[in-house]
A.B. asks: 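Structure provided below as structure tokens; questions to follow.
Because the structure is predicted, anything quoted here is derived from the model rather than measured.
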Amino acid sequence: MIEDPLASLLQTYEHLLRLPDKTRMNFLLLTTVVFTLTLVHGLNKHPCEKNPDNNAYNKFAKKHIFQEVFDTNSKEEWKKYLQKYTLCSRPKQSFMEKSDEATIKGICNGNGRNHRINLCISMSQIQVYYIEVNVNDCSIKNKLKQNQHVIVACDKVNNQCLPVHYEKNNGQKPDPKDPVCKP
């Protein structure tokens, strides 16, 4: 017997109404958060699917690719850089060199492997700077520089497949059996 979808929806709604107020509010909050995260992050199921935010790559680049050269060994220079580009509000951050920008874009265009969903992992290692920031005064608590395979979310932005999100790599390497990321 095929169940009527409208009747099933009404039963679910009636069940929700019988729940205590706090449980209903928690359910509503959870549903709203999941829906919002899906809209904000635009979690595509595969690399190079359209992203509705035409500025997604520029936002990624501002957060993760140096916009200028500075002494990365100096905590004071880091602080000045973060303040100049209003990046003090995130306690853990990652950056890559401007000179690696073509390599980073290349992860989405034939030089990366599909890691999962729309995430692609670089076939070659890239130098990444990790910093911990005191968000109260923008001072640098810790900094680390290492070469690793970089993981990014790849979406189509203005008809180009580009990185739109950085995902921390915890030692993963590209699997040669995984498909190549490309438009």
A.B. asks: For a quick check under 3.5 Å, do Asn118 and Asp155 share a side-chain donor-acceptor pair by atom type?
C.D. replies: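 There is such a pair (donor and acceptor under 3.5 Å, judged by atom type) between the side chains of Asn118 and Asp155.
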A.B. asks: Can you hop from Val128 to Val164 via hydrophobic side chains spaced under 4.5 Å?
C.D. replies: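 Same hydrophobic cluster.
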A.B. asks: Examine distances only and state if a side-chain atom of Lys62 and a backbone atom of Tyr85 form a donor-acceptor pair shorter than 3.5 Å.
C.D. replies: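 Yes: the side chain of Lys62 pairs with the backbone of Tyr85.
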A.B. asks: Kindly say whether Ala153 contributes a backbone atom to a donor-acceptor pair with the side chain of Tyr166 at under 3.5 angstrom?
C.D. replies: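 Such a contact is absent between Tyr166 side chain and Ala153 backbone.
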A.B. asks: Okay, side chain of Trp78, backbone of Thr72: is any donor-acceptor separation there less than 3.5 Å?
C.D. replies: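 Here the side-chain-to-backbone pair exists.
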A.B. asks: Strictly under 2.5 Å separating the two SG atoms? Check that for Cys154 and Cys120, please.
C.D. replies: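 With an SG-SG separation of 2.5 Å or more, Cys154 and Cys120 do not form a disulfide.
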A.B. asks: Short question: side chain of Asn169, backbone of Gln172 - any donor-acceptor pair under 3.5 Å?
C.D. replies: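 Side chain of Asn169 to backbone of Gln172: a pair is present.
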A.B. asks: Which residue, Leu144, Asn142, Ile140, forms the side-chain contact (heavy atoms from CB on, under 4.5 Å) with Glu132?
C.D. replies: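 The residue from Leu144, Asn142, Ile140 that satisfies side-chain contact (heavy atoms from CB on, under 4.5 Å) with Glu132 turns out to be Asn142.
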A.B. asks: Which atom pairs, donor and acceptor, lie under 3.5 Å between side-chain atoms of residues 176-183 and protein residues at least two apart or in another chain?
C.D. replies:
none

A.B. asks: Verify whether the ring centers belonging to Phe95 and Phe66 lie closer than 6.0 Å.
C.D. replies: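 Close enough - the centres of the two rings lie under 6.0 Å apart.
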A.B. asks: Sequence neighbours excluded, which residues qualify as side chain to side chain donor-acceptor pair (under 3.5 Å) partners of Asp53?
C.D. replies: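 Expected list: Lys59.
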A.B. asks: Quick one: does any side-chain atom of Ser122 pair with a main-chain N or O of Val150 as donor and acceptor, under 3.5 Å?
C.D. replies: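 Here the side-chain-to-backbone pair exists.
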A.B. asks: Ion pair present between Glu77 and Lys80, side-chain N to carboxylate O less than 4.0 angstrom?
C.D. replies: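 Yes, this pair counts.
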A.B. asks: For Cys161, does its backbone N or O pair with a side-chain atom of Asn109 as donor and acceptor, under 3.5 Å?
C.D. replies: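 Yes, the answer is positive, given that a donor and an acceptor are paired below the 3.5 Å cut-off.
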A.B. asks: According to a hydrophobic-cluster definition based on side-chain heavy atoms being under 4.5 Å apart (Ile, Leu, Val, Met, Phe, Trp, Tyr only), do Ile104 and Tyr130 belong together?
C.D. replies: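 In one cluster: yes.
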A.B. asks: Is there a side-chain contact between Gln67 and Lys84 in this structure, where contact means two heavy atoms from C-beta onward sitting under 4.5 Å apart?
C.D. replies: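 SC-SC contact between Gln67 and Lys84 ruled out.
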A.B. asks: Is the backbone N or O of Ala61 less than 3.5 Å from a side-chain atom of Asn58, with the two atoms forming a donor-acceptor pair by type?
C.D. replies: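 Absent.
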A.B. asks: Counting N and O atoms only, with roles assigned by atom type, does the side chain of Asp71 sit under 3.5 Å from a partner on the main chain of Asn73, one being a donor and the other an acceptor?
C.D. replies: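 Checked: pair present.
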A.B. asks: Can you get from Ile121 to Ile117 by hopping between Ile, Leu, Val, Met, Phe, Trp and Tyr side chains that sit under 4.5 Å apart?
C.D. replies: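 Yes, it is one cluster - the side chains of Ile121 and Ile117 are joined through contacts under 4.5 Å.
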A.B. asks: Do Gln148 side-chain atoms and Lys173 backbone N/O form a donor-acceptor pair below 3.5 Å?
C.D. replies: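 Judged by distance alone, no pair lies under 3.5 Å.
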A.B. asks: Counting only N and O atoms by type, is there a donor-acceptor contact under 3.5 Å from the side chain of His165 to the main-chain atoms of Val152?
C.D. replies: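 No, the answer is negative, given that no donor and acceptor are paired below the 3.5 Å cut-off.
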A.B. asks: Step by step, would you call Phe60 with Ile65 a side chain to side chain contact (heavy atoms under 4.5 Å, CB included)?
C.D. replies: CA-CA 8 Å; Phe60 164 84; Ile65 299 175; 4.1 Å; yes
A.B. asks: With sequence neighbours excluded, tell me which residues meet salt bridge (charged side-chain N to carboxylate O under 4.0 Å, His left out) with Lys143.
C.D. replies: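 With neighbours one apart ignored, the set is empty.
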